Each structure stands twice: as C-alpha cells, then as structure tokens.
Amino acid sequence: MNRKLMLTLVLTAVLTGSNLMFASATYAATDTDLPDGTYTMDLETMASSFSSSSLDDSTEVVDEDTYEDSESVDNLDPALVEEASQLLEYSDQMAPLLEYEKKAWTAYYKNDYVTSSNRKQEYLLVTNTIIPNYKKFLTGIRQIKPVNPELAKMHAKYIKGATIEMEAFVLFQKYVSKTKLNDDILNKSNAKLDVGGDLLLQFDKEMEAYISKFLPAQ
C-alpha cells in the first residue's frame, strides 16, 4: 500500500473519529435596518471538509502484491501522528464548551427586533441566558492550553474574538435595560460583534489550512 495513502487513512481516521467541532463562523456585516447583530454560529465537523477527499483515495484499488510489510503504521511520521493527536485532544476539549456558545446565540436570535413590547424579554434573555452561557464558554476556552505552538496561536485568536463578543453582549444588556432605547449603545455593541466575528472567521480559515497539512497534495 502506498505510504502516503496509509498516512492519509490513519490521520483521517484519527481526526474524523473525534469531536472535531470548531465554530464555523458565518458572519455577516451588521444590517443597519436591524436592531441586532447578524452573527450566526454554524457548528459543523470541520473534518468533513477533508474526509470526503481523503476517503475517495481509499476507494482506489490496491494491488495486494504491491503491499510491503515495511509500509505499516509503525513507519508513519511520528511527529505528524503526534501533531494529529494534539489536534484531537484540542477538539475534544473544545467540543463540550461549544454547547454554551450555541445556547447563547440561540437566545440572542430569539427575536429579530428589539421593540418596546419585547425589550423586557430581551433583557431577561441576555441576563439569564446569553451572558451566563457565553461566560461559561469563555471561561472554559481560556483554560485550554494547547501544547502545539500553531494551535496555541490560533486558539489565542479565538479567545480574543470571543472576549470582544462578550463585551458586545454586555453592551447589549445595557441597551435593553432602559425603557428608552439608546441606538448609540446598540451601534457600539454591533461594532464589537463585527470585530469579534472577523477574528473568528480568521480562526476558521487558519484552522482549515492547518488541517490540510495532514493531507497529501492534490
């Protein structure tokens, strides 16, 4: 069996068998006609972006006569396998925390508009659901310390983006806490969502590029 194919199959099995669920941020710029940000978190298994192409290679008919015993898992690059294991560990730490993030955003989008009739409901949502869940999420990801330098750098960007989004939620809480809605506060909140969302988009792109290093060149 081709050694490159063996490496691809092993790493694909390692990664697709994990809880590799990073926040695939589909962030849109704030619509000024809407009294809220337009940020959605689509939680997907990022490994799916490469598993299909990798597994397509596995359907290749391999002549058993060309198989060499030396071309075994034991001969895989140990450094690459270790790096894949570090990615797996990172994804396993992130996966349960993303549920808190999802709950926060679900509550944030319960209403499309903030009006005088639903302002109190929005205040209760941000106070009792959005901020508490996002705080748990942010606290959790701050405790994750990837040993791999590349992962650590990307994770730091994730934390920075999430921290700015937390600041946006606090501003949004202030916005809906008063009977008279102050659009200046809302604009500041949405501006922070823009900045935080951009950082998370950068994280997603960098993570996709990072995962691709485990695949053979197309």
Side-chain angles (χ1 to χ4, degrees), residues 19-46 49 87 90-91 93-114 119 122-146 149-177 181-211:
N19 292 319
L20 195 56
M21 296 172 58
F22 300 108
S24 181
T26 52
Y27 184 81
T30 301
D31 185 340
T32 55
D33 294 331
L34 295 177
D36 62 2
T38 53
Y39 186 90
T40 59
M41 301 300 287
D42 181 16
L43 302 182
E44 298 177 348
T45 304
M46 287 187 63
S49 65
L87 177 59
Y90 174 67
S91 69
Q93 290 177 304
M94 287 289 290
L97 298 174
L98 295 177
E99 287 302 311
Y100 295 119
E101 183 188 41
K102 182 178 180 180
K103 288 178 181 178
W105 282 107
T106 299
Y108 184 78
Y109 280 104
K110 186 174 181 64
N111 296 308
D112 292 332
Y113 296 88
V114 178
R119 181 193 62 81
E122 285 291 315
Y123 179 77
L124 292 175
L125 282 172
V126 71
T127 302
N128 299 329
T129 303
I130 299 174
I131 289 180
N133 276 285
Y134 209 79
K135 185 176 293 184
K136 289 179 182 178
F137 166 67
L138 186 55
T139 299
I141 64 174
R142 282 174 173 168
Q143 293 174 351
I144 296 176
K145 308 292 183 183
E150 287 186 72
L151 280 178
K153 185 177 180 180
M154 288 185 288
H155 187 64
K157 183 169 292 184
Y158 197 114
I159 291 174
K160 184 176 180 180
T163 299
I164 295 173
E165 288 183 344
M166 183 66 186
E167 294 171 356
F169 287 141
V170 172
L171 281 172
F172 183 71
Q173 181 187 40
K174 181 179 179 181
Y175 171 67
V176 294
S177 67
L181 299 173
N182 186 336
D183 288 342
D184 288 339
I185 297 176
L186 178 64
N187 291 337
K188 290 178 181 179
S189 175
N190 286 337
K192 284 186 176 292
L193 289 181
D194 284 341
V195 175
D198 285 343
L199 287 170
L200 292 185
L201 277 177
Q202 291 175 33
F203 169 87
D204 280 345
K205 292 177 181 178
E206 291 173 8
M207 181 57 71
E208 288 179 11
Y210 180 73
I211 290 176

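Remember, it's a predicted structure, so these values are computed and weren't measured experimentally.
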Quick check on Tyr100: does its OH atom have over 12 non-hydrogen neighbours (other residues, nucleotides or ligands) under 6.0 Å away? no
Closest approach of [X] and [Y], non-hydrogen atoms and distance?
X: Asn182; Y: Tyr175; answer: O-CD1, 3.1 Å
X: Ser189; Y: Ala168; answer: OG-O, 2.8 Å
X: Leu151; Y: Pro146; answer: CB-CB, 3.8 Å
X: Ala107; Y: Ile130; answer: CB-CG1, 3.6 Å
X: Lys192; Y: Ile164; answer: O-CG2, 3.2 Å

Does [X] reach the side chain of [Y], with side-chain heavy atoms less than 4.5 Å apart?
X: Leu87; Y: Ile211; answer: yes
X: Ile144; Y: Ile159; answer: no
X: Lys188; Y: Phe172; answer: no
X: Glu122; Y: Gln173; answer: no

* Taking it one step at a time, do Met207 and Tyr90 satisfy side-chain contact (heavy atoms from CB on, under 4.5 Å)? -> CA-CA 12 Å; Met207 181 57 71; Tyr90 174 67; 4.0 Å; yes
Exercise for the section: Please lay out, stage by stage, how His155 and Met94 fare under the test side-chain contact (heavy atoms from CB on, under 4.5 Å). Expected result: CA-CA 10 Å; His155 187 64; Met94 287 289 290; 3.8 Å; yes
Distance from [X] atom [atom1] to [Y] atom [atom2], nearest 0.5 Å?
X: Ile185; Y: Asn190; atom1: CD1; atom2: CG; result: 12.0 Å
X: Thr106; Y: Glu99; atom1: OG1; atom2: CD; result: 9.0 Å
X: Lys102; Y: Leu97; atom1: NZ; atom2: CG; result: 14.5 Å

Exercise. Mind running side-chain contact (heavy atoms from CB on, under 4.5 Å) on Leu186 and Leu181 for me, showing each step along the way?
Key: CA-CA 9 Å; Leu186 178 64; Leu181 299 173; over 6 Å; no
Checklist entry - Going through the checks in order, is the side-chain contact (heavy atoms from CB on, under 4.5 Å) test met by Leu193 and Tyr108? => result CA-CA 12 Å; Leu193 289 181; Tyr108 184 78; 3.6 Å; yes
Could you tell me if Arg119 and Ser177 have a donor-acceptor pair between their side chains, going purely by distance under 3.5 Å? no
- Partners of Lys157 by salt bridge (Lys or Arg N to Asp or Glu O under 4.0 Å), sequence neighbours excluded?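 If we apply the salt bridge (Lys or Arg N to Asp or Glu O under 4.0 Å) test to Lys157, skipping adjacent residues, the hits are Glu206.
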Could you list the donor-acceptor pairs under 3.5 angstrom formed by side chains in residues 131-141, with sequence neighbours left out?
unit_1 : atom_1 : unit_2 : atom_2 : d
Asn133 : ND2    : Thr129 : O      : 2.9
Tyr134 : OH     : Glu165 : OE1    : 2.3
Thr139 : OG1    : Lys135 : O      : 2.8

